[in-house]
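Source: prediction; values computed, not measured.
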Amino acid sequence: MTLFFATGAFPRAGLLELGLGFLRRALQCETEEGGHSGSDWDELLARRGRGKKEILRLGKQLEGANPAYAITVNGKRRGIFSDFLFKGLDKVEDKELQDIMRAMAAVGPADPAHRGKELSAYLQSLSFLNRGETRKMATSSHLARLILALVQPRSIGSLCDLCSGMGILGVKALSENPGLFFYGQEIDEKSYFLSLIHFALSGFRDVELRFGDILKNPLLKDGDALRRFDAVAADLPSGRNAGEFGEMPFPQRFKENFGKNLSSDWLFVQHAIHVLKPGGLAVVVLSTPSLNKAGDMGVRRSLLLQDLVEAVIDLPDSIADASSQPRSALVLRKGKIAERTGKVLMIDVYGQFAAGMDSDPGLWVDEAAAIFREGKEIPGISVWRPVEEIEEKDALLGASGYALASRPATDATPFKPLKTLSEAVFRGIQLSSGQRESAASREGEEVFLLNSGDIRDEREPGDYLPEKIRFWNRKWALYALKEGDLVISARGTVIKTMVIRPEHLPAIASSNVLCARLKEGAVDPHYLKAFLDSPHGQLMLNSVQTGRTIKAINPRSLESVQIPCPEFERQKRIGEAYRKAQEDFRRERELYEKRLKEIFAALAD
């Protein structure tokens, strides 16, 4: 019998309710296995004055009997009952405790058909978790379903989740295939404890969970070697740089030398490949920028040369539940079937949402999985690209650019990297406050110093008023802007663009601004702005951003962005239409604000 918290019984349940439910289940398991001789649930209910002490005693007894129930954090022992579930038990009134225990006793077994889904939802709604914690601990329902649709748990015997969180993916996998053996390792204490509870209350025992950093201290072993699995999955945490990890055990996992600026995503990817059995499949959900970042090119190229990459799926937020950077699913296989050898299937699900083509993430989970299984090419959505072609393009693995270039022949447009369309792509000059103050007080030509906050388009009201300085250093001429330049904000989560016009000059760009000086006749600047401002263009720019807290784009990464280049006259028509639409928007907005002021003035009279 598997216990379950009845839907609605504890709408904002906390640790105590969860702990008592788990304790009851653990005692049942001990009794069923003949290993428990202490108090049962009915006896606990009868111990009015001594219930707390007995609950704590039983919890510690279970921690001693089950090594998974006690972990070491920063050199200190932490027990699932004594230091997590029952930490505040002494502050609970006896009557409240008795009421909760009676309510627990009234809860019957869960319906196996709904148990996993309902329990997962329950755990994610616990009162002591905030939304940020829940997102960190739990793979979203849609994303878990997509990963399992790719992995196909019914066809494998073992599955490892490198970042198992609170066990959402594992419970779903075991629900599909109860004969599967599931392995997981988790670095977050709270997530680890919740995953133990999740599997136990769901009735699954063929599970091996470990606590710790899977890169620095991998614990899923077979003797002295790391255990191998039929399939590997991972919904990776926000990236760190490889240089932060230092030396790690089992260095044979990392066949490629990595610099300090390599995204940690690729350490997880290399670990996944190492523990994957021949013929096995891995699905690693990582930040899309890692697929395009210049500093990660070496490891991407190595994976391509080994023909390990089978597919890339760019995901919308409604599936990936991304908090900042866009996310993609990287599908790897050790030993592709013959018809998939030497090529990669690029699937752009993100673009279907960005373009407003479909807003149902559930349907697109099924569609993306079907495209992968069948290897379908759908113009504008999915396309096979040869490994050699991808390698020649700096091993860029973002799917959207390749899929966008595969649109129907009637709308076919060549794509070119921004580098080939520009005379130069450069970052502005970095000036200290002292240099700016000194330049402002000198005699000479007065120029604007353009910062990212000064980048605005025709939709925005207000005057163009950047900081003014005196143009006094000859080297600064290298950063002087010209009419027709396209400037882009180099830092921040919102990426803005602006075409330099005569009224913006004379000006030099500051260090938080990137400038693309376009070749005459290669691309219309207003068309280029329209594309980069579009959902697809923003995805391209987001995909080359780096940084965990402050997002940034460097010139080399910007040069790699693929730009659709229709014939030049069409570019000019699109660019002019976009510029005019923005101007119309600004005029209507100004008229609206003027009318509001008139109405509010009338109210004051």
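- In terms of modelled atom types and a separation under 3.5 Å, the side chain of Arg253 and the main chain of Met248 share no donor-acceptor contact.
- Heavy-atom contacts from other residues, nucleotides or ligands closer than 6.0 Å to CZ of Arg556 number 12 or fewer.
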Listed pairs under 3.5 Å, donor-acceptor, residues 141-148 side chains, sequence neighbours left out:
| residue | atom | partner | partner atom | Å |
| --- | --- | --- | --- | --- |
| Arg145 | NH1 | Asp366 | OD1 | 2.7 |
| Arg145 | NH2 | Gly362 | O | 3.1 |

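- A donor-acceptor pair under 3.5 Å is formed between the side chain of Asp265 and the backbone N or O of Ser287.
- Between Ile156 and Leu159 there is a side-chain heavy-atom pair separated by less than 4.5 Å.
- Under the 4.5 Å side-chain criterion, counting only non-hydrogen atoms from C-beta, Lys221 is not in contact with Arg227.
- Remark: Glu93 CD is loosely packed, at most 12 non-hydrogen atoms of other residues, nucleotides or ligands lying under 6.0 Å away.
- The shortest heavy-atom contact between Ala368 and Ile313 is CB-CG2, 4.5 Å.
- Shown here for Ala200 and Phe22, the closest heavy-atom pair between the two residues is CB-CE1, 3.5 Å.
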Working for side-chain contact (heavy atoms from CB on, under 4.5 Å), residues Trp266 and Leu286 = CA-CA 9 Å; Trp266 297 107; Leu286 71 176; 4.3 Å; yes
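- No side-chain heavy atom of Pro361 sits under 4.5 Å from any side-chain heavy atom of Trp364.
- Put simply, the side chain of Val269 reaches to within 4.5 Å of the side chain of Leu303, judged on heavy atoms.
- A side-chain hydrogen bond (donor to acceptor under 3.5 Å, both in side chains) check over residues 72-83, counting only residues at least two apart or in different chains, returns the pairs Glu63-Arg77, Glu63-Ser82, Arg78-Glu189.
- In this structure, NE2 in His274 is found 9.0 Å from CZ in Phe254, a value given to the nearest 0.5 Å.
- At a threshold of 4.5 Å between non-hydrogen side-chain atoms, the residues Leu196 and Ile80 count as touching.
- For Glu391 and Lys393, the salt-bridge test fails: no basic side-chain N is under 4.0 Å from an acidic carboxylate O.
- Side chain to side chain, Ser560 and Ser557 fail the donor-acceptor criterion of an N or O pair below 3.5 Å.
- Between Leu150 and Ala369, the closest heavy-atom pair is CD2-CA, 4.2 Å.
- Residues Leu85 and Ile197 meet the side-chain proximity criterion, which asks for heavy atoms closer than 4.5 Å.
- Tested against Phe211, the residues Tyr192, Tyr69, Phe193 include a single ring-ring contact (aromatic ring centres under 6.0 Å, His included) partner, Tyr192.
- In this structure, the side chain to side chain donor-acceptor pair (under 3.5 Å) partners of Asn292, at least two apart in sequence or on a different chain, are Ser543.
- Contact check on Arg333 versus Asp307 returns no salt bridge, with no Lys/Arg side-chain nitrogen under 4.0 Å from an Asp/Glu carboxylate oxygen.
- The pair Glu310-Lys336 fails the salt-bridge criterion, with no side-chain N (NZ, NE, NH1 or NH2) lying under 4.0 Å from an Asp/Glu carboxylate O.
- To the nearest 0.5 Å, the span separating CD on Gln185 from CG on Asp213 amounts to 7.5 Å.
- Summarising the geometry of Lys52 relative to Leu97, their closest heavy-atom pair is CG-CD2, 3.7 Å, with the distance given to 0.1 Å.
- With ring centers used as reference points, Phe204 lies 6.0 Å or more from Phe182.
- Nearest heavy-atom pair, Leu169 versus Ala233, reported as atom, atom and distance to 0.1 Å: CD2-CB, 3.6 Å.
- The heavy-atom pair separating Gln538 from Ile495 by the smallest distance is NE2-O, 3.5 Å.
- Once rounded to the nearest 0.5 Å, the distance linking CD of Gln306 with CG of Leu332 reads 10.5 Å.
- A distance of 13.0 Å separates CG of Leu220 from CZ of Arg228, quoted to the nearest 0.5 Å.
- To the nearest 0.5 angstrom, Lys277 atom NZ is 12.0 Å from Cys160 atom SG.
- Atom SG in Cys163 sits 7.0 Å away from atom CD1 in Ile214 (nearest 0.5 Å).
- There is no side-chain donor-acceptor pair under 3.5 Å between Ser195 and Ser164.
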